[in-house]
Amino acid sequence: MKKLGFGLMRLPLLDKADQASVDVEQVKKMVDYFIERGFTYFDTAWMYCGFHSENAAKEALVDRYPRDKFTLATKLHSGFVNCLEDRDKVFNEQRAKTGAEYFDYYLLHGISESSYGKYEEFDCFNWLREKKEQGLVKHMGFSFHDNGELLDRILTEHPEMEFVQLQINYLDWESPWIQSRKCYETAKKHGVPVIVMEPVKGGTLAALPRQAEELFKGYAPDMSVSSWAVRFAASLDNVMMVLSGMSSMEQVEDNVGYMEDFRPFNEEETDLVRKAADIINEATAVPCTGCSYCTDGCPAKIAIPQYFSLYNEDMREAADKGWTANVTNYRQLTAKFGRAGDCMACGQCESMCPQHLPIIEHLKAVSEHYDK
């Protein structure tokens, strides 16, 4: 397989306020372009796109291509497993939603300290092994959002796992929260291949501060700034696949363009992304990736990722600029969603956040900025 995978998490929408309104006709065109150029890997999950990503995979991919022309991955999330029967209930519905007879890669989704015990309680590792023995899963693994010590423990206790999916990008490489480098090195120590998620950090590494963008453009004027993020991850030893969540044909064309004949980083390019990371970290108020895990179940129905995106944009503006267009954008969002100031501090969002962000405190800052 070529080393670029199509992440079906941030698909184009007919209504930007409705994550379930996937523009399937546009996705079909994107899938066709991707496959025509020799790429085969597609990654979805039970809860992506308001629980409609797997349906979109069926319409745009499975129903339109022979099964041996694509590689399909999906996941079981602990939030939807509360008894032994729930495992098969979700799995069987995933087969129906995708129309796939089997899954090439199947993952226990988003393992962390808070969810590992639940996967063990309901014997999900053995359950997944049984699915492989039945021919319903070709390769079994898990995605992971926690520290290197926990990853080492899981890989030691479950050597049967054939791969691990990690958040790896040059911005989080030395992050004390995400621990991209430490987790990558742990997987490599165990000899477990790595699939990379969030290489562009939810779009953060596609729209850089001017100084960071100039670093890259000065070296390679024709390369997109996001290409540096994907190539950084793909250049690492033991990385078998890099997923990129694509929401437009332009993003597909760009990714395919530089990954079709992939060229790994040289030493100078590695040094440039380290310098860019320092610049970006200084300019980012809230390191949110926009995954939207935090919004499902929010009692105040707060559009958390959207508010953080607006806030980050404003924090990069000059301090004395005053009003920005994002004030209006925020008001428009609050017509449909709760205000940042409506946060009840219940903590549901923080328990779901793969980035381990102090969301409640960040919402207070957003509210101070916009609600007043």
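We're numbering straight along the sequence, starting at 1. What you see is a predicted model, and the numbers here were worked out from it, not measured in a lab.
- L357 has its side chain within reach of C288: a pair of non-hydrogen atoms, C-beta onward, lies under 4.5 Å apart.
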R129 vs E133, test: salt bridge (charged side-chain N to carboxylate O under 4.0 Å, His left out). Steps then yes/no.
CA-CA 6 Å; R129 181 171 12 207; E133 291 170 353; 5.0 Å; no
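- When each of E162, E160, H139 is checked for a side chain to side chain donor-acceptor pair (under 3.5 Å) with K132, only E162 meets the rule.
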Given ring pair (Phe, Tyr, Trp, His ring centres under 6.0 Å), test F51 with F80 step by step and report yes or no.
CA-CA 12 Å; F51 299 89; F80 305 95; 5.6 Å; yes
What side-chain donor-acceptor pairs closer than 3.5 Å can you find for residues 291-301, not counting sequence neighbours?
unit_1: Y293; atom_1: OH; unit_2: H109; atom_2: NE2; d: 2.9
unit_1: T295; atom_1: OG1; unit_2: S292; atom_2: O; d: 2.8

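- With 3.5 Å as the limit, one finds a donor-acceptor pair spanning the side chains of E54 and T74.
- We find that E368 and K372 are joined by a salt bridge, their nearest charged nitrogen and carboxylate oxygen being less than 4.0 Å apart.
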Given ring pair (Phe, Tyr, Trp, His ring centres under 6.0 Å), test Y170 with W228 step by step and report yes or no.
CA-CA 9 Å; Y170 65 79; W228 286 80; 8.5 Å; no
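- Within 6.0 Å of the CE atom in M344, the count of heavy atoms belonging to other residues, nucleotides or ligands does not exceed 12.
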Would you please test W173 and Y184 for ring pair (Phe, Tyr, Trp, His ring centres under 6.0 Å) and show each step?
CA-CA 9 Å; W173 190 243; Y184 162 74; 5.8 Å; yes
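- Distance alone, capped at 3.5 Å, places no donor-acceptor pair between the D172 side chain and the S175 backbone.
- Using modelled atom types, one side-chain atom of R64 and one backbone atom of A60 make a donor-acceptor pair closer than 3.5 Å.
- A salt bridge links E25 with K28: the distance from a Lys NZ or Arg NE/NH1/NH2 to an Asp or Glu carboxylate oxygen falls below 4.0 Å.
- Under the 4.0 Å criterion applied to side-chain N and carboxylate O atoms, D43 and K75 are assigned as salt-bridge partners.
- Side chain of K2 to backbone of E260: a donor-acceptor contact under 3.5 angstrom is found.
- In this pair, F34 and F6 present their aromatic rings perpendicular. The plane angle is above 60°, beyond the 30 to 60° band.
- Side chain of T98 to main chain of Q94: a donor-acceptor pair is present (N/O by atom type, distance under 3.5 Å, no hydrogens or angles).
- Looking at heavy atoms from C-beta onward, V230 lies in side-chain contact with Y258 at the 4.5 angstrom threshold.
- Close placement of the Y41 and Y105 rings is indicated, their centers lying within 6.0 Å of each other.
- Looking at heavy atoms from C-beta onward, Y307 lies in side-chain contact with F337 at the 4.5 angstrom threshold.
- In terms of modelled atom types and a separation under 3.5 Å, the side chain of T186 and the main chain of K182 share a donor-acceptor contact.
- F232 does not carry R274 over the face of its six-membered ring by the limits of under 6.0 Å from the centre and within 45° of the normal.
- Cation-pi contact between K138 and Y102: present, with separation from the ring centre below 6.0 Å and deviation from the ring axis of at most 45°.
- Geometrically, R67 does not engage Y65 in a cation-pi contact, judged by NZ or CZ lying under 6.0 Å from the ring centre and within 45° of the ring axis.
- Counting only residues at least two apart or on different chains, the side chain to side chain donor-acceptor pair (under 3.5 Å) pairs with a member in residues 340-353 are R339-D342.
- The two residues N169 and E198 come nearest to each other via the heavy atoms ND2-O, 2.9 Å.
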May I have the step-by-step check of salt bridge (charged side-chain N to carboxylate O under 4.0 Å, His left out) for E149 and R153, ending in yes or no?
CA-CA 6 Å; E149 287 79 8; R153 175 185 161 196; over 6 Å; no
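- Checked by atom type and distance alone, the side chain of Y370 pairs as donor or acceptor with a backbone atom of L310 at under 3.5 Å.
- No chain of hydrophobic side-chain contacts below 4.5 Å, direct or via other Ile, Leu, Val, Met, Phe, Trp or Tyr residues, connects M240 to M161.
- Note on I302 and V327: same hydrophobic cluster, where clusters join Ile, Leu, Val, Met, Phe, Trp and Tyr whose side-chain heavy atoms are under 4.5 Å apart, directly or indirectly.
- In this structure, L72 is a member of the same hydrophobic cluster as Y33, with clusters built from ILVMFWY side-chain heavy atoms closer than 4.5 Å.
- Environment of CD in Q134: crowded, with over 12 heavy atoms of neighbouring residues, nucleotides or ligands closer than 6.0 Å.
- By the criterion of side-chain heavy atoms lying less than 4.5 angstrom apart, applied directly or through intervening Ile, Leu, Val, Met, Phe, Trp or Tyr residues, F103 is grouped together with I111 in one hydrophobic cluster.
- Side-chain atoms of Y116 never come within 3.5 Å of backbone atoms of I154 as a donor-acceptor pair (strictly under, hydrogens ignored).
- Between the side chains of D152 and H190, a donor-acceptor pair is found at a separation under 3.5 Å.
- In this structure a side-chain-to-backbone donor-acceptor pair under 3.5 Å is present from Q179 to G148.
- Seen from the ring of F91, K131 counts as a face-on cation partner, given the 6.0 Å and 45° thresholds.
- Side-chain heavy atoms closer than 4.5 Å link hydrophobic residues (I, L, V, M, F, W, Y) into clusters, and following such links, even through other members, never connects L107 to V81.
- By the 4.0 Å N-to-carboxylate-O rule, E361 lies close enough to K364 to be salt-bridged with it.
- Counting only distance, with no hydrogens or angles, the side chain of K58 and the backbone of D63 share no donor-acceptor pair below 3.5 Å.
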